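Working notes, beginning with the structure itself.
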Amino acid sequence: MPFHRSLVVLLSCAASVVAQDRSANQKALLSLLPDEAVAVVVIDDPRLAVTELRAALGDVPPALREHFGFAAWAGLAAAWIAVDGDPASFAATVAGGGAVVAVLPAPNGPRLIALLRPNDLAATEAWFAKFVERTPRATYGELLVVGSHQDLVARMQRRFGEDGPVSRWADVDFGPPAPLRSAIDLASVRAAAGEQAKPFAEHDAGARFLLLPLLHAATTAEFATFSLAGGERLVLRASAAASARSGSCRDLFAPPTASGALALPAGGLSVLRLDRSVRALLAQPERFLAPAEVLAVQGFLSIADAIDGAHSSFVDDLLGGLEEPLALHVLPVTPPPDAGPSRLQLPGFAVVARVKDPAVHDVLGRMAQAFVLIANAERQQRGQAPFPLRTRSTEAGHGFVAEPLPWRGPGDPPIEQGLSPTLWFENGHVVLASTYDAAMAMVAATRAEERDARGGDLLVLRGPEWADAIAASRDVLETGRVLDEGETPAVAKRFFDVLLVVARSLREVALHVECDDARATLELSLDRVR
Amino acid sequence: MNDLLQPWEPSRGDRFDLAKAGHLLRRAGYGGSLSLRLDLVAAGVAAAVDRVAGPAPAAPLPPPERLQDVIAFGDIARVRAHRVWLALHGEPVLRTRMSHFWHGHFATSNQKLQDPRAMALQLATFDGAGLLRFDELLAAMCRDPALLRWLDNDGNKKGKPNENFARELFELFTLGRGHYSEADVREAARCFTGWHVRDGAFRFAANLHDDGEKELFGARGRFGGDDVIAAVVARRESAEFLADRWLRCFVHPEPERVEIDALAAVYERSQRSVYATLTTLLRSRLFFSPRARGAKVKSPADFVLGTVRALGAHAAPMELAAAMAALGEAWCEPPSVEGWHGERAWLSPASWLLRSNFVADLLAGRTGKLQPAPAALFARSKTPAEIANRAGVLLLDGALAKNDADHLAAVAAAHGADHAAAAVAVLHAAACLPDYQLA
C-alpha cells in the first residue's frame with residue numbers, strides 16, 4: 001500500500017479507536033472516494049441515526065397495517081429478521097465506525113459505492129453472505145466496500161493500493177453535525193444533465209416566481225448540502241451557497257415587515273406564503289420577464305385596470321395599498337346551512353393581507369362589484385342563478401358577500417352552492433375568501449394576533465385537518481381516481497384508506513425556504529401525531 | 001314477421017362462433033374480451049342476446065353508478081369520462097350503447113349549454129328510458145332541460161313562438177324531412193310554448209303557454225306539447241324513420257327499403273318498444289347475415305373502447321375520452337344538431353394515422369394507463385406464428401386473412417426473442433389492419 005494511503009487508513013483507525021473522532025473517521029473515508037462522484041451521503045453514527053429516525057417516524061399506524069399486501073408483510077418480516085429485530089444494533093454492527101455512500105453518474109443510470117467501517121467486520125461479512133450474498137463487496141483492513149457493480153468495487157480496491165490524490169470530497173463542507181448528512185455536486189449534476197439542465201432564465205415565468213430561491217440555487221450553486229435529523233420531528237435541511245436576493249431578482253422579494261405573518265389558525269388545513277412582491281413583478285415586468293411574458297402581463301393588466309375604469313391602477317392603488325407578502329390560508333369545510341351539502345365539499349380558501357393605504361377599501365369594493373356583475377351575467381347566459389352581492393357590516397368590520405340563492409334544482413346542489421365569496425375589511429386587514437365563514441375565521445385570526453416569526457417562503461400542511469376535508473368528499477374523490485387513473489373502485493377505495501391513515505398520523509408537514517444575502521436554505525419537517 | 005327478422009338459428013355449417021359473438025358485442029356494445037366472447041359462444045345465440053340486452057325494462061331504470069359524484073365535479077371532461085367508464089364496464093352493454101345512440105340522435109352540445117350537470121342528466125335519461133317505449137323516451141326528452149335550452153325552447157312563449165325545437169322534433173327526432181309541413185312546425189311550436197327550464201329542471205309556465213286552437217297534421221284542437229308527441233309517434237313515417245336509424249346503427253349503413261319496412265312493422269307491433277324492436281333485430285337472420293358483418297366503419301368510440309375491451313384490460317377513462325375527442329368523437333360536443341355523420345366520414349389519411357398513434361401510445365403505456373401490460377396476454381404464445389395468431393384472436397376474432405396472418409407473424413419475428421416488444425408490435429400491426437377499422 002502506498003505510504004500516504006496507508007497513513008490515512010492508519011490514522012483514521014487510530015482516531016476511531018482511541019479518540020472516537022468521527023469527523024476524522026469520515027474524512028478518511030471521504031478521501032478515498034472517486035472524484036467523479038456527484039453526491040455523497042455521510043453517516044457519522046449509524047446507531048444514533050437509526051434511533052433518531054425511528055423516534056421521529058414512530059411506529060407504523062395500526063390502521064395502516066391492515067392495508068399491507070402479502071408482499072409488503074413478507075418484505076417487512078424478512079427485513080426485521082435480517083436485522084435481528086434491532087435496527088440500531090444492526091447499524092452499529094455493520095457501520096458503527098461510520099459510513100459514506102457515493103453516487104456516481106453512468107450512462108445506464110447511477111452507480112453506488114458505500115464504504116462502511118463495521119464494529120464487527122466478521123459479523124457484517126457473515127450477514128452479507130447470508131442475506132445479500134450476490135452484492136459486490138470487498139474488505140480492506142477494517143473497511144467493507146459495497147457497490148452496485150463489481151467493477152466499481154474492484155476499482156475501489158485498486159484505489160486503496162494506489163498512491164493517488166486525496167479525493168476532492170475530503171474537502172467538501174457537509175455542514176454542521178447531524179445523524180445523516182449529504183452533499184450534491186450541483187455543477188456536475190447539471191453538466192451530466194446536459195441540455196436538459198436549463199439555466200435559470202430559461203425556466204417559465206411561473207416557476208421562476210414561485211420557486212425563485214430554490215430554482216436559483218439549483219441552477220447556479222456549486223454544491224448543496226443536506227442533513228437529516230430525527231428525534232421529536234424528522235427534519236431535512238438543505239443549503240446552497242447561492243442567493244437570489246443578491247442577483248437581478250432581488251427586488252422580487254417582498255420588503256421586510258415588522259410584524260411577521262399571521263399564523264395558520266387552529267383548525268386550519270394549510271397556509272402558503274411566498275416571500276415575493278407581486279407588485280414589483282407587475283410594475284416592471286420587463287426587468288424580470290422575457291418579452292412574450294411581458295406581453296402576457298400587459299394583457300392581464302389592461303383587463304385588470306379596466307375593471308375599475310379610470311378610478312385606480314391595479315398595480316399602484318390595489319397592490320400598492322396592501323402589505324406584501326400575501327398569504328393563502330386553507331380552512332375547514334363548512335357546508336352551507338340552508339341546503340344539503342354537495343358531495344364535493346371544498347375547504348375554505350382565504351387570502352389575507354394587512355392594509356397599508358385605507359383607500360384600497362374603495363378600490364377593492366368597486367372591483368368586487370364589477371367582477372360579480374360580470375360573473376353573474378355569464379351565469380345568466382348559462383341559465384344559472386346569480387350570486388347576489390350584498391354589503392354586510394359588524395361593529396368592527398364591513399365588506400361584501402356574494403351568496404347563492406337557495407338550490408331548488410334536481411339532485412344534489414352543485415359545488416358552487418357551498419361558496420359565498422367574501423371581501424372583508426377589519427382590524428387593519430383585508431380578507432378575500434371563498435366563504436363568509438372562512439373570512440370570519442381569518443378575521444378572528446387577525447384579532448388573535450398570533451404571528452409566525454418565520455420569514456421566507458412557507459408551506460404548512462396539517463394532516464388530521466386534511467384527512468377530515470378529504471373524508472367529507474371521499475366518494476367523489478374516489479370516483480375521480482376511477483375516471484382519471486383507470487383504477488377499479490376497490491383500488492381507489494384502498495388508495496384513500498391508506499391516504500387518510502397516513503394523513504391522520506402526520507400532525508404537521510412544513511416546508512420553509514429562506515434566503516439571506518449569501519445562501520438559500522430549505523427545511524422540510526415532519527411531525528407525527530404522538 | 002318478415003323472414004329477414006326471423007330469429008337466426010345456427011346450423012352445422014353456420015355456427016354461433018367467436019366471430020358472431022364478437023359481431024354481436026361490437027354492435028350491441030363496444031366489443032368484449034376474449035373470455036366474454038367465449039362465454040357467449042358457450043351460452044348460445046339466444047342466451048347471448050339476452051345477456052347483452054339484459055332484461056326488458058318495465059319502467060325507467062335507476063341512474064347509473066356514480067352519476068351524482070360526476071355531477072359534483074361540474075366538469076364536462078369528467079362527464080365524458082364517466083360515459084367511457086360505463087361503456088367499458090356497464091352492464092348490460094346494450095343499455096350504454098343505446099344511450100350513446102340516443103345522444104347522437106337528440107344531439108345536444110355542451111359547447112352551447114356550458115352546463116355539465118344538464119348534460120349528465122340528459123345522458124342519464126337515456127340510460128333510464130332509452131330502451132322503453134319511444135313515446136316515453138320522447139316525452140322525457142321534450143322535458144329535458146338540456147335539450148330545451150339547446151333548441152331555444154326556453155324562449156318559446158305565447159305570442160312569440162320559437163320554431164327551432166318543433167322543427168328539430170320533426171326533422172331530426174321523429175319523422176325526417178318531407179313528412180311534415182311548415183304549418184305543422186309553426187303549430188307545434190305553439191304547442192310547446194311555456195315548456196321552459198327553471199333551476200335546472202323542467203317547468204311548465206302556464207302563463208306563457210299558448211292555449212289556443214291549433215291545426216296539426218290535419219287535426220284541430222287546443223293541443224299542447226304532449227298532444228304533439230302522441231300524434232307524431234303514432235305516424236307510420238316515425239316508425240320508418242327510427243327503423244332506418246336503427247338499421248344504420250346496428251346492421252348496415254345503407255339499409256334497404258324492405259329491411260326498413262320489416263323493422264318498422266316490428267316496432268309498431270311491439271307498441272313502439274325500443275327494447276323489443278332491438279332484441280328482435282339483434283337476434284335476426286339479417287343481423288347475422290354476411291351483409292351486416294364488417295359493413296360498418298368503427299367510430300372512434302368503437303375503435304378506442306373496443307381495443308381496450310378486446311384486450312380485457314383496464315384503462316383511464318379520462319385519457320380514453322380525450323383520445324376519442326382527438327379522433328373526432330367528443331361526447332357531449334356533437335358537431336351539430338344532426339350529431340355525428342360517421343361511417344366513411346370517420347376515416348381519412350389523418351384519422352388513420354391518429355388511430356395508429358393512439359394504439360401505439362396505448363400499448364406502450366404512454367397514454368390510457370392500460371393494465372395489464374399487453375405482453376401478459378401472450379404468456380403462452382412462443383413462436384411468431386403463435387403470437388400473430390393470438391393477436392388475431394384477441395382483436396379480430398381469429399378471422400385473419402392469410403396475408404394478414406403472414407404480415408403479423410413477420411412483425412413478431414422481427415423482434416426476435418424480445419417477447420414483450422413482439423406482443424406490442426403485433427397488436428399494433430393488427431389494430432392498423434383495414435379489417436380492424438370495420439365493425
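Order of the sequence lines sets the chain letters (A, B, ...), proteins ahead of strands, with each chain counted from 1. In this text, all values refer to a predicted model and were calculated from it rather than measured experimentally.
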What's the shortest heavy-atom distance between B:F73 and A:V476, and which atoms? CZ-O, 3.3 Å

Verify the neighbour count for atom CZ of B:R198: are there more than 12 heavy atoms of other residues, nucleotides or ligands below 6.0 Å? no

Which residues pass the side chain to side chain donor-acceptor pair (under 3.5 Å) test with B:S33, sequence neighbours left out? B:S35

Taking every heavy atom of B:Q114 against every heavy atom of A:Q384, the minimum-distance pair comes out as O-NE2, 4.4 Å

Under 4.5 Å heavy-atom distance to chain A, tell me which part of B:I71 shows up: side chain, backbone, both or neither. neither

Within a reach of under 6.0 Å around CD of A:Q380, are more than 12 heavy atoms found that belong to other residues, nucleotides or ligands? no

Sequence neighbours excluded, which residues qualify as side chain to side chain donor-acceptor pair (under 3.5 Å) partners of A:T479? B:R66, B:D69

Could you report the tightest heavy-atom contact between A:G486 and B:P317, atom names first, then the distance? CA-CD, 3.8 Å

Which residues pass the salt bridge (Lys or Arg N to Asp or Glu O under 4.0 Å) test with B:D154, not counting sequence neighbours? none

Name the member of B:R78, B:R117, B:M318 that forms the most heavy-atom pairs with chain A at distances under 4.5 Å. B:R117

When A:I415, A:T488, A:D484 are compared by non-hydrogen pairs under 4.5 Å with chain B, the top option: A:D484

Are more than 12 heavy atoms from other residues, nucleotides or ligands located less than 6.0 Å from atom CZ of B:R366? yes

So does A:F371 have more than 12 non-hydrogen atoms from other groups sitting under 6.0 Å from CZ? no

At a heavy-atom separation under 4.5 Å, does B:A201 approach chain A through its side chain, its backbone, both, or neither? both

Greatest number of non-hydrogen atom pairs under 4.5 angstrom with chain A, of B:Q371, B:Q68, B:E319, falls to B:Q68

Checking heavy-atom separations under 4.5 Å from chain A, one finds in residues 79-90 of chain B B:A81, B:H82, B:W85

Between B:P63, B:A118, B:A316, B:A315, which has the largest tally of heavy atom pairs under 4.5 Å with chain A? B:A316

